[in-house]
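Keep in mind that this is a model prediction, so the values were computed, not measured. Throughout, a chain's letter reflects where its sequence line sits, starting with A, and its residues are numbered from 1.
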Amino acid sequence: MQSNDTSTGRWRRRRTTLVATAVVAALILTACAGDGQAGSDDPVVVGQVAEPASLDPHVVTAVNDFRININLYDGLVQYAADSLEVEPALAVDWTISDDGTLYTFELREGVEFHDGTPFDAEVVKFNFDRMLDEDHPYHDTGPFPLAQQFYGNLAEVRVVDEQTVEFELSSPFAPFLSNLAYPTGLLISPAAVEAHGEDVGRNPVGTGPYVFSEWQSNEFVTLERNPDYWDGAPEVPGVVFRPITESQTRVNELMSGGADMIVEVPPDDVAALRDDPEFMVGEQAGPHVWFLILNLAEAPFDDVRMRKAVNMAIDKESIVNDVLQGTATVANGPIAEAFGAAYNPDLEPYPYDPDAARELIEEAGYGDGVEGTFYVTEGGSGMLDPVAMGEAMQADLRDVGIDARISTFEWNSFLNEVNAGIEGKADMAQMAWMTADPDTLPFLTLRSGAWPDEGGFNSGYYANERVDELLEAAQIEVDEDARIAMYHEMQEIVVEDAPWVFVASWKQSVAMSPRVDGFELHPSFLLRLHDLRWAD
Amino acid sequence: MRAYVVRRGLQVIPVTFGVTLLVFAMMLLIPGDPARAILGSYATPENVATLERQLALDRPPHIQYVTWLGNVVTGDFGRSYSLNRPVLDEILERFSATLLLAGTALLITVVLGLTAGIIAAVKQHRWQDRAFTVGALVGLSIPSFWLAMIFIVVFALGLGWFPTSGMRPAFGPSGPLTVLHHLVLPATALALVAAGVIARLTRSSMLEVLRQDYVRTATSKGITRQSVIMRHAFRNAVVNVVPVIGVQVGFLLGGAVYVETVFGWPGIGRMLVTAIGTRDILLVQGGVLLVAITYVLINLAADLVQAALDPRIRLG
């Protein structure tokens, strides 16, 4: 017994030592935590959604990476401050030949890359040849996944003189100029490509408002202000991008001061943060359309009355406001409002009118009810909250006598199933696209030449001769007003034919500390941080 | 002993080879492909075909596998197409972060598990025993990712003692202390489940040994209670615990996937989750290979330690 008591005494002493050690350790740790308040000499910390794939503008394909690149580099042209229309950047002016195949750019003088390389016509030629010419000595520093998509019909880039460069297209292609404003068209220093080869994506050199400083894998990418920026040096000393994959972790970081600004805030938190005076929320609808593809090849959606009926049976306002908590707006057709002039503002979205829907269904001969298969994805790029949205739609459809049986797929298998065409498999399928130009989505998904067996994404087999004509003509129309008129007419026809249920356009969201000032979201979903400053 | 070491050592080779084959087959079987994942909305058949050619993904699978294996043997793990850098650079960087996390968690697991188990056994049926048994059961039952979230809410957001995520501050000075500061919450969240397992096992193993005749003999010889417990009982009880600690290493490496995700820890678990999403086969292969080899080696080490402690095993 006595030995037992002694050992208890030892334990007690030891326990005291342990507790004391723990307390001291906690004190040390708390001491090095700092006060969490950012000062005006500190960089602005941005909570991003993922680790960048690369910072080589020609290699990357994700918005996540574009958000960094747009602050490191400039292109020949760029989007205007509040729209997707094109304005000068490194090119101060340009002319387009009448046949739409020759673009001549006059370049900005006196611009230098961060490594001192002067910006001139040779630089422009190097950049596009690197992407497109398989014999270019640095073509093997890719791959360049989007080059063919955006600049595939660029036949030749010619240096006219130091400040003038000509682009010759093999055929007219109206989206070319806005494709140049896309982040794939940002220009990199040829000297950096020569020095680093395929690793230039980790050693990026541009002409942009911020200069690359450090990339600590999976922890942060640090940029410093470019004091010599041609469009005025930024006010903040730098920007740090942190990859924070988990959306809840991003919100936590904002709340604890570990980030000053976070992107892609989860819908639940957007609602909460909007009401919190400690934070600011910015929202901006983007060039995004969320829709349901209807199978026009088979009954019941081979009948336009049934297609209109589902457009009226689904309560889009409720999906946008309740399911998505206001993080999207109702779409009225196949072109998103963010595209500005190309969007047809005169079209009203199909109203939510279950009675009218039931009448149309009756007329079409399905008054006794009809069954169908509804492809839903678990989640994917731009798909928002597809399962909850799918279930809300299913309930709305049941209300008007349509029994939509949901089949759920993982995103990659979903794309394989849907992109191959849904005939014989499903009657409806969810889909969402985010594009750079108003042309891309309708051209690849609504033409009869874009049926799956033709290599397109018209997975519901819509066909309308006038739509085909308009889309093909618009793609080569150089006159902007004429092109816009074609898109407007196309939207009217497509909405009348209702090959899809037009559902929503996603709003990008950022949440910020009120200490951050001078930031506006852009419809492109990019993150331009040039005018950022600390509030006083 | 040497024959045993050699025999167990040789078993490592077929196991790791099997793992690579299995992972490669699984990556082929799951739907979707890297080119489509990279191209997103622009995955037109032409774009996909061009990109697959550039990434050398248009070759038959068995050729891809054999090429990969041949390269790995010479130390070339290929280039990640989702990160555009050598796979080896990436996995070594990420793996060291995971080792730091899992290693710290292992330390906490062992210290906490053994201590709690011994105390519970020695104080059988008393409040210490009940407290540790309930504690171990709770630790065992809570998923580590949930515990991770609770830790963040309480200790990072509520009390503000620790950072919410990451491995070091995004800017400003940083050193071992700041990393340690970031390490406390994720390592503890990861360790508690495994510690519960070890504690329960240690307790039952100790109780069994404490009932043995030689323990009573030792006590009756007048040896102090502490000496009986630590030198006579524990040494025999721990033989049963060591291989389980080896298994728990696998659990910690696996559990790290969740904890790394919740805490934004730049480890290999989080890397693998992302790499599977982007169908980055080379990165998945390299990462899994490294984790598998580590797991096999640690289990080998645990077996060897056990053999060293218990002559019956190395002779049997």
Less than 4.5 Å to any heavy atom of chain B: does that hold for the side chain of [X], its backbone, both, or neither?
X: A/F150; result: side chain
X: A/Q216; result: side chain
X: A/E454; result: neither
X: A/A436; result: both

Non-hydrogen atoms of chain A under 4.5 Å away: do they reach the side chain of [X], the backbone, both or neither?
X: B/N47; result: side chain
X: B/R79; result: side chain
X: B/T261; result: both
X: B/L83; result: both

* Find the distance between CG (B/L190) and OG1 (B/T98) and round it off to the nearest 0.5 Å. =>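 It comes to 10.0 Å.
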* Top contributor to chain B contacts, counting heavy-atom pairs under 4.5 Å, from A/D140, A/T249, A/D65 -> A/T249
* Distance-only side-chain donor-acceptor flag, A/T245 / A/R250, under 3.5 Å ->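 Looking only at side-chain atoms, A/R250 and A/T245 do not form any donor-acceptor pair under 3.5 Å.
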* Asked: Looking just at side-chain N and O atoms, do B/S165 and A/E253 make a donor-acceptor pair shorter than 3.5 Å?
  -> yes
* Start with the C-alpha distance between B/E93 and A/N218, add both sets of side-chain angles, then the distance that settles side-chain hydrogen bond (donor to acceptor under 3.5 Å, both in side chains), and finish with yes or no. => CA-CA 10 Å; B/E93 253 179 58; A/N218 298 287; 5.6 Å; no
* A/R242 bridged to A/E219 by N-O distance under 4.0 Å ->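 Judged by the 4.0 Å cut-off on N to carboxylate O distance, A/R242 and A/E219 do not form a salt bridge.
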* Under a 4.5 Å heavy-atom cutoff, which of B/H182, B/M271, B/R168 has the most pairs with chain A? ->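 Greatest number of close heavy-atom pairs with chain A: B/R168.
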* Check against side-chain contact (heavy atoms from CB on, under 4.5 Å), A/D56 and A/R202 -> CA-CA 8 Å; A/D56 180 337; A/R202 295 212 145 228; over 6 Å; no
* Distance flag, aromatic centroids of A/Y182 and A/F66, threshold under 6.0 Å ->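 Between A/F66 and A/Y182, the centre distance is under 6.0 Å.
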